[in-house]
Amino acid sequence: MALYITQAAMTGDLASLFSLILLVMPIFCLSIRSFPARDGPEHGFRYAEAPEYRNGVRCPTLSAAPSGGRIEEEEVASYCDPTLVNIAMTLDSEYLRGSIAAIHSLLRHASCPENIFFHFIAAEFDPASPRILTGLVRSTFPSLNFKVYIFREDTVINLISSSIRHALENPLNYARNYLGDILDSCVDRVIYLDSDIIVVDDIRKLWDTALSGGRVIGAPEYCHANFTKYFTDNFWSDPLLSRVFGSRSNPCYFNTGVMVMDLRRWRDGNFRKRIENWMEVQKRKRIYDLGSLPPFLLVFAGNVEPIDHRWNQHGLGGDNVRGSCRSLHPGPVSLLHWSGKGKPWVRLDSMKPCPLDFLWEPYDLYKPVRRGPRDRTAVEISSTLTGYSSYLM
């Protein structure tokens, strides 16, 4: 069931927004069970265990039951199963709360939640180690099918340029460039999602998007946006650089936080290297200011499979400076995206929420607690956990 945004929601009518929240949450899931809490890597807080979501009778049968984070060589078939919906997301301590809410929303609205497999990319030097992050995901979603990969930051660190917002310089933002190398070769299709989203529709609908004409990625396009502002005068004044868009019929802006990706075509076309080439140009001659997005525009704009805008109502975090409140466009919504500076969990905690942040709140499993002497530490939990792989270039 998709969410339909009315004019009342756009005007910030809180009563209408709470009605929308009831629409977002199925009636049989209005209450979240509270289980014995587990410590997370963010000290002084715990996550409630999510409800367990099961497949309906019409869901395809998995050829091998995924091991839920405990992947061994003999279990490779579990995440190579063609009936799976593969989701790739980054996993880090700073945005962990958003990631947990995103996972929760995906499972809640999926017609076949047991047929979703999550590929989490964790930074090598995150304040919370990949092992601890793995443990936290496992304790919050005991039945989740997932694998955690370690992303070596030195893979990309020397290619990153300064951005208009420091958070955009995080090496993990560039992990999507390397999904073709990071994920197992049998994974030939994936949906990439940012951590500051919630899904209020069945993700299988997005998964079933056909990438026609040999296209490598699909995403909602925004052709009304001022495309020129994403590149500097250095770029547009250079005839050799700016002509990259000359042969494309209609290059449009798209947001890289929601993409359907054909990894077989990605690998065959060596698109990782094409993106890196533009990052190297950026190091020599500053041609953009906005982090990891412009290289994707340079490589793909004008050759993207257009997906309905309902699958990325982005910009809810405001701009990259003030993080001001935004409203949604009227019409159906399947995915809400808090791209921009403002994040819903930060604004809610600071008692300065935007009206649409209340649509994110029902999926939040983050529970503040006081730490007592009998509490187990995250390190104690992590000592019994496995399930992540090292990514070596």
Side-chain angles (χ1 to χ4, degrees), residues 1-6 9 19-30 32 50-62 65-66 68 79 81-89 98-120 140-141 143-146 187-211 217-220 255 257-262 305-314 316 328-329 331-338 356 359-365:
M1 178 186 67
L3 175 64
Y4 196 92
I5 299 300
T6 64
S19 297
L20 286 172
I21 291 173
L22 294 178
L23 290 174
V24 170
M25 301 178 66
I27 192 66
F28 53 86
C29 290
L30 284 177
I32 297 177
E52 193 165 352
Y53 299 99
R54 292 297 186 186
N55 282 356
V57 294
R58 297 183 179 180
C59 293
T61 302
L62 296 172
Y79 52 82
D81 192 313
T83 65
L84 290 174
V85 173
N86 289 296
I87 306 292
M89 300 177 67
S99 299
I100 294 293
I103 298 165
H104 189 197
S105 71
L106 279 157
L107 296 174
R108 172 169 290 181
H109 294 283
S111 57
C112 301
E114 293 178 88
N115 289 70
I116 301 176
F117 197 98
F118 290 87
H119 302 266
F120 296 122
T140 308
F141 303 99
S143 300
L144 192 70
N145 306 317
F146 74 95
V187 180
D188 55 15
R189 183 180 176 91
V190 72
I191 297 174
Y192 175 83
L193 296 175
D194 275 351
S195 297
D196 50 0
I197 61 99
I198 59 168
V199 175
V200 293
D201 204 348
D202 186 357
I203 196 64
R204 168 67 68 170
K205 297 176 184 177
L206 180 60
W207 177 257
D208 288 338
T209 299
L211 300 181
I217 66 171
N255 180 276
V258 179
M259 295 186 292
V260 179
M261 307 175 68
D262 187 315
E305 184 70 34
I307 294 175
D308 194 292
H309 289 175
R310 69 192 299 159
W311 283 105
N312 193 356
Q313 286 274 354
H314 69 289
L316 304 187
L328 291 172
H329 299 294
V333 177
S334 295
L335 184 149
L336 295 89
H337 186 187
W338 278 261
L356 290 174
L359 294 176
W360 179 90
E361 191 174 26
Y363 302 97
D364 184 18
L365 298 175

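We count residues from 1, following the sequence as given.
When side chains are defined from C-beta on, R189 counts as touching V260, because their heavy atoms get closer than 4.5 Å. For the pair W338/I198, a side-chain contact is recorded, criterion being any heavy-atom separation below 4.5 Å from C-beta on. At least one side-chain heavy atom of P113 sits less than 4.5 Å from a side-chain heavy atom of N55. Inter-residue side-chain proximity for L84 and V187 is flagged as unmet; no heavy-atom pair is nearer than 4.5 Å. Contact annotation: the side chain of L316 approaches that of L328 to within less than 4.5 Å [non-hydrogen atoms, C-beta and beyond]. Two residues are said to be in side-chain contact when any heavy atoms from C-beta on lie closer than 4.5 Å; I100 and F141 meet this criterion. T140 is not listed as a side-chain neighbour of I103, based on a closest heavy-atom distance of 4.5 Å or more.
One finds the CD1 atom of I197 at 5.5 Å from the CG atom of L106 (value rounded to the nearest 0.5 Å). Rounded to the nearest 0.5 Å, atoms CG (L211) and CG (D262) are 6.0 Å apart. Distance check: D308 CG to L335 CG gives 12.0 Å after rounding to the nearest 0.5 Å. For the atom pair CH2 of W207 and SG of C112, the computed distance is 13.5 Å after rounding to the nearest 0.5 Å. Atom CD1 of I203 sits about 13.5 Å away from atom CG of N115, to the nearest 0.5 Å. To the nearest 0.5 angstrom, Y192 atom OH is 12.0 Å from I87 atom CD1.
Looking at N312, its side chain never comes within 3.5 Å of a backbone N or O of A219 through a donor-acceptor pair. Listed for the D194 side chain is no donor-acceptor partner under 3.5 Å among the backbone atoms of D196. A donor-acceptor contact shorter than 3.5 Å links the side chain of S105 to the backbone of V199.
The two residues L365 and A50 come nearest to each other via the heavy atoms CD1-CB, 3.8 Å. Summarising the geometry of M259 relative to N255, their closest heavy-atom pair is CG-O, 4.4 Å, with the distance given to 0.1 Å. Taking every heavy atom of both residues into account, A110 and I116 meet most closely at CB-CD1, 3.7 Å. Residues C59 and S111 share a closest heavy-atom pair of SG-O, 3.3 Å. Between D202 and W311, the shortest heavy-atom distance links the atoms O-CH2, 3.4 Å. Across every non-hydrogen atom of S195 and A102, the tightest pair is O-CB, 4.3 Å.
Side-chain contact of Y53 with H104: a donor-acceptor pair under 3.5 Å is present, judged by distance alone.
Ring orientation note: the planes of H337 and H314 are tilted relative to one another, at an angle of 30° to 60°. Ring orientation note: the planes of F117 and H119 are tilted relative to one another, at an angle of 30° to 60°.
When each of Q313, H109, R310, H309 is checked for a side chain to side chain donor-acceptor pair (under 3.5 Å) with S334, only R310 meets the rule.
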Verdict with supporting geometry, L193 and V258, side-chain contact (heavy atoms from CB on, under 4.5 Å): CA-CA 5 Å; L193 296 175; V258 179; 4.0 Å; yes
side-chain contact (heavy atoms from CB on, under 4.5 Å) between L144 and F120, intermediate numbers included: CA-CA 12 Å; L144 192 70; F120 296 122; 4.1 Å; yes
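With sequence neighbours left out, the salt bridge (charged side-chain N to carboxylate O under 4.0 Å, His left out) criterion links R54 to E52, E114.
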